[in-house]
Amino acid sequence: MHQILLVDDESYVIDDLEISFPWDQYRIERIHKAYSGMQALSILEEQTVDIVITDISMPVMNGLELIRQIKAVKPNLPCILLTGYAEFEYAKEATKYGVVEYLLKPLDVEKLASCLEKTVLSIEEQIRRALSYEQAMNSFREHLPSLKDRLLNQLIEGNRYSEDVLNDKLGHYQLPFSAEDNVQLVLIRLEEHFTKHTTNSLQLFEYAVTNIACELFNTAFYTWHCRDHYDYLVFLLKSAGPADNNELHTSTETNHSEQPMKQNQDLTHLSLQLHHNVNEYLKGGISVILSHGGRLQQDIRDMYEQALSALKKQVGNGTGYFLSLEESYRPVSIRSLHILYEPPTFNHLLETAQWEVFKERLHRIKIGYSALPEQTEEHLDEIQIVLLSAFHYIAHKNQALLSDLVGNEWVPRVPFRSVSQLTDWADNMLDRLRIKLEEQSFDEQHDVIHQIKTFVSANLHSLSLQSIADHVSLHPVYVSKLFKQLQGISLSEYILGVKMDLAHYLLNHSQDKVYEISEKLGYANSQYFIKVFRDKFGMTPQDYREQ
């Protein structure tokens with residue numbers, strides 16, 4: 001709803017207009033009245049007015065002067081001018097003051113209605129546009145951190161922009177950098193203490209480390225940061241000093257060479273302080289790589305790649321480490337971890353349930369890794385991949401998902417930062433797998449016994465060890481061994497017991513002849529049945545029946 005101000009020195013004109021015109025049809029809920037230009041200006045200072053309708057001919061301050069003063073303060077406030085016929089040509093000149101419409105006296109109500117409808121629609125369209133723009137700006141501000149993160153990720157991954165396009169993006173994202181700035185890059189990896197926590201906790205630690213880093217770096221540098229796809233923290237820095245970036249000293253050549261050296265010393269000091277503060281306040285270590293300097297657009301990919309390579313070639317201890325690529329550092333000597341692939345393989349050890357041998361192999365891996373000239377992150381990745389592959393293999397071979405056997409929380413989603421952390425995880429995984437697989441095997445074995453017993457009961461007349469083994473899809477020798485192990489008697493003893501129980505029942509409850517009972521029990525020779533029965537019970541079947 002809107003508010004309108006009516007201005008005329010003839011009070012009856014605006015008083016009658018207030019009463020007679022259907023203002024609510026044009027979404028106008030409040031009407032202010034002024035009988036002079038000065039009174040109108042006073043009302044405008046105190047009230048929120050959306051439309052002004054003023055007479056042109058008034059003493060002291062006429063309508064044109066009033067509109068001129070209104071536009072000086074509120075240039076977008078719509079003003080409608082009322083004019084007599086004699087002033088019509090004069091009123092037409094009022095368009096230069098921003099008058100949206102002028103109406104002749106005596107006032108034509110239909111023309112006023114048409115003018116108000118058009119003006120109100122224009123106001124509401126401006127409001128919609130303003131709201132839409134504000135919403136867009138709010139959305140932009142809300143997503144600005146992720147937009148900055150994405151742009152930096154694109155640059156370190158090698159995406160190239162023209163200098164103008166990049167500078168335009170940097171300005172649009174409110175980043176105090178330009179394509180040709182001298183910059184350095186800091187790469188940070190959170191070590192074992194942090195990565196053993198859940199994903200949500202790890203993100204909180206990353207946020208805390210980022211805040212500590214920004215607080216330190218911002219004392220001397222402009223800072224732009226992101227999280228790369230390895231879950232490392234990347235900081236791009238340029239000096240915030242008076243002689244930063246392309247503004248070279250003009251006094252002496254010495255200043256040209258001293259400035260980058262001083263900047264690197266400052267950044268080294270801050271990086272070491274960051275390393276210390278994280279260990280002190282968060283009780284966990286980080287590894288920090290400080291790149292060589294270079295131009296933002298031209299060198300950022302190379303700076304990132306070299307820092308990434310240096311970080312992956314070394315694994316930090318519990319407190320992590322700091323390395324500056326501006327200084328010379330010893331290249332690593334990479335060797336293979338052969339113990340991962342020695343026979344028997346991890347797959348075979350799991351298949352044959354050699355749990356203790358598997359654990360012993362984990363211990364040897366830990367020793368072998370520690371003996372490497374350089375313990376790199378890729379070696380840890382290799383160990384994790386081989387072990388996780390074996391765990392997946394045995395789970396799938398047992399017709400189950402690994403996550404269903406051990407729980408989702410035990411299937412790693414983040415890389416390990418130390419060999420101890422990795423082998424401890426594998427040891428726990430092995431214990432959980434062993435329990436689950438042995439429970440599953442126990443259930444499956446008892447299911448096999450149940451199948452054997454059911455088959456025996458239904459097929460006494462034509463039974464053999466081979467037919468039983470075929471029914472449960474197992475080897476005859478294994479069937480005999482499994483039955484004896486779980487039931488405490490041999491399979492043949494069990495079958496004999498079932499047959500003799502049935503013979504008892506038939507002799508007591510049927511009129512079958514002895515030879516007919518013999519056939520039902522699967523004995524081709526009734527004399528043999530009689531012998532077996534007598535050996536078991538000390539009397540013939542006929543004697544038993546008569547007794």
Side-chain angles (χ1 to χ4, degrees), residues 1-5 22-32 43-53 67 70-80 95 97-101 113-157 159-179 181 199-200 203-204 206-208 210-211 213-215 218 222-229 231 233-236 296-297:
M1 301 298 284
H2 308 290
Q3 300 184 44
I4 193 168
L5 173 61
W23 300 102
D24 58 333
Q25 293 183 19
Y26 302 94
R27 298 174 292 286
I28 295 173
E29 67 175 353
R30 188 171 181 186
I31 300 164
H32 303 277
I43 291 173
L44 287 170
E45 288 180 357
E46 298 174 358
Q47 304 294 332
T48 303
V49 174
D50 302 298
I51 304 171
V52 174
I53 298 179
I67 291 172
I70 289 173
K71 291 294 184 178
V73 179
K74 299 181 178 182
N76 295 320
L77 180 61
C79 295
I80 299 170
T95 54
Y97 293 110
V99 173
V100 297
E101 188 64 86
S114 175
C115 179
L116 276 179
E117 179 69 23
K118 181 172 63 175
T119 303
V120 168
L121 288 175
S122 175
I123 291 171
E124 291 176 348
E125 178 61 25
Q126 290 178 6
I127 292 172
R128 280 193 292 271
R129 289 180 180 177
L131 288 174
S132 177
Y133 176 77
E134 185 61 29
Q135 289 171 354
M137 289 305 298
N138 286 338
S139 178
F140 173 75
R141 285 189 287 268
E142 179 183 348
H143 293 94
L144 188 56
S146 62
L147 290 171
K148 293 178 179 180
D149 186 288
R150 181 180 178 186
L151 179 59
L152 185 51
N153 263 292
Q154 289 174 336
L155 293 174
I156 63 177
E157 289 171 5
N159 289 18
R160 298 301 297 268
Y161 295 95
S162 69
E163 183 175 329
D164 290 341
V165 170
L166 180 56
N167 283 333
D168 183 62
K169 282 183 173 290
L170 293 169
H172 190 56
Y173 293 169
Q174 303 168 22
L175 289 162
F177 292 84
S178 65
D181 279 342
T199 302
N200 287 339
Q203 289 175 348
L204 291 175
E206 288 176 350
Y207 180 75
T210 299
N211 282 344
C214 288
E215 185 176 341
N218 285 345
Y222 294 116
T223 306
W224 179 14
H225 60 83
C226 73
R227 178 187 183 198
D228 71 8
H229 68 276
D231 293 331
L233 303 178
V234 182
F235 287 82
L236 192 70
L296 192 158
Q297 184 185 43

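Quick caveat, the model's predicted, so the values are computed rather than measured.
- Atom CG of residue L175 and atom NZ of residue K169 lie 11.5 Å apart, to the nearest 0.5 angstrom.
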Inset, instruction - Could you check L116 against W23 for side chain to side chain contact (heavy atoms under 4.5 Å, CB included), going step by step and ending with a plain yes or no? - result: CA-CA 9 Å; L116 276 179; W23 300 102; 3.5 Å; yes
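- Distance CG/D181 to CG/L296: 6.5 Å, rounded to 0.5 Å.
- Using a 4.5 Å heavy-atom cutoff, the side chains of T119 and Y26 are not in contact.
- The line from CG of L147 to NE2 of H172 is 8.0 Å long, rounded to the nearest 0.5 Å.
- Judged by distance alone, with hydrogens and angles left aside, the side-chain atoms of D50 form a donor-acceptor pair with the main-chain N or O of Q3 at under 3.5 Å.
- Judged by distance alone, the side chain of N153 and the main-chain N or O of R227 form a donor-acceptor pair under 3.5 Å.
- With values rounded to the nearest 0.5 angstrom, L152 atom CG is found 6.0 Å from L236 atom CG.
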Got a list of side-chain donor-acceptor pairs under 3.5 Å for residues 124-131, not counting sequence neighbours?
| from | atom 1 | to | atom 2 | distance (Å) |
| --- | --- | --- | --- | --- |
| E124 | OE2 | H2 | NE2 | 3.0 |
| E124 | OE2 | R27 | NE | 2.8 |
| E125 | OE1 | R128 | NE | 3.4 |
| E125 | OE1 | R128 | NH2 | 3.0 |
| E125 | OE2 | R129 | NE | 3.2 |

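- Looking only at side-chain heavy atoms (C-beta outward), P78 and I80 stay at 4.5 Å or farther from each other.
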Inset, instruction - Evaluate side chain to side chain contact (heavy atoms under 4.5 Å, CB included) for Y161 paired with L151, printing each intermediate quantity in order. - result: CA-CA 11 Å; Y161 295 95; L151 179 59; 3.8 Å; yes
Inset, instruction - Under the side chain to side chain contact (heavy atoms under 4.5 Å, CB included) rule, what do L166 and L155 come out as? Steps first, then yes or no, please. - result: CA-CA 10 Å; L166 180 56; L155 293 174; 4.2 Å; yes
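- Considering every non-hydrogen atom in both V52 and V49, the closest pair reads CG2-CG1, 4.1 Å.
- With respect to W224, the ring-ring contact (aromatic ring centres under 6.0 Å, His included) criterion is satisfied by exactly one of F235, F177, Y173: F177.
- With a 4.5 Å cut-off on side-chain heavy atoms, H225 and K148 do not count as touching.
- Panel note: side chain T210, backbone E206; a donor-acceptor pair is recorded below 3.5 Å.
- Heavy atoms only, all atoms of each residue included: E163 and A179 are closest at CG-CB, 3.7 Å.
- Contact between K71 and L77 at its shortest, heavy atoms only, is NZ-O, 2.7 Å.
- Proximity of a side-chain donor or acceptor of H143 to a complementary backbone N or O of S139 within less than 3.5 Å is detected.
- A donor-acceptor pair under 3.5 Å links the side-chain atoms of K74 to the main chain of L44, judged by distance alone.
- Across all non-hydrogen atoms, the minimal contact from C226 to I156 is SG-CD1, 4.3 Å.
- Between R141 and E134 there is a salt bridge, with a side-chain nitrogen of the basic residue lying less than 4.0 Å from a carboxylate oxygen of the acidic one.
- Side-chain N or O atoms of N167 include none that pairs as donor or acceptor with a backbone N or O of S178 at under 3.5 Å.
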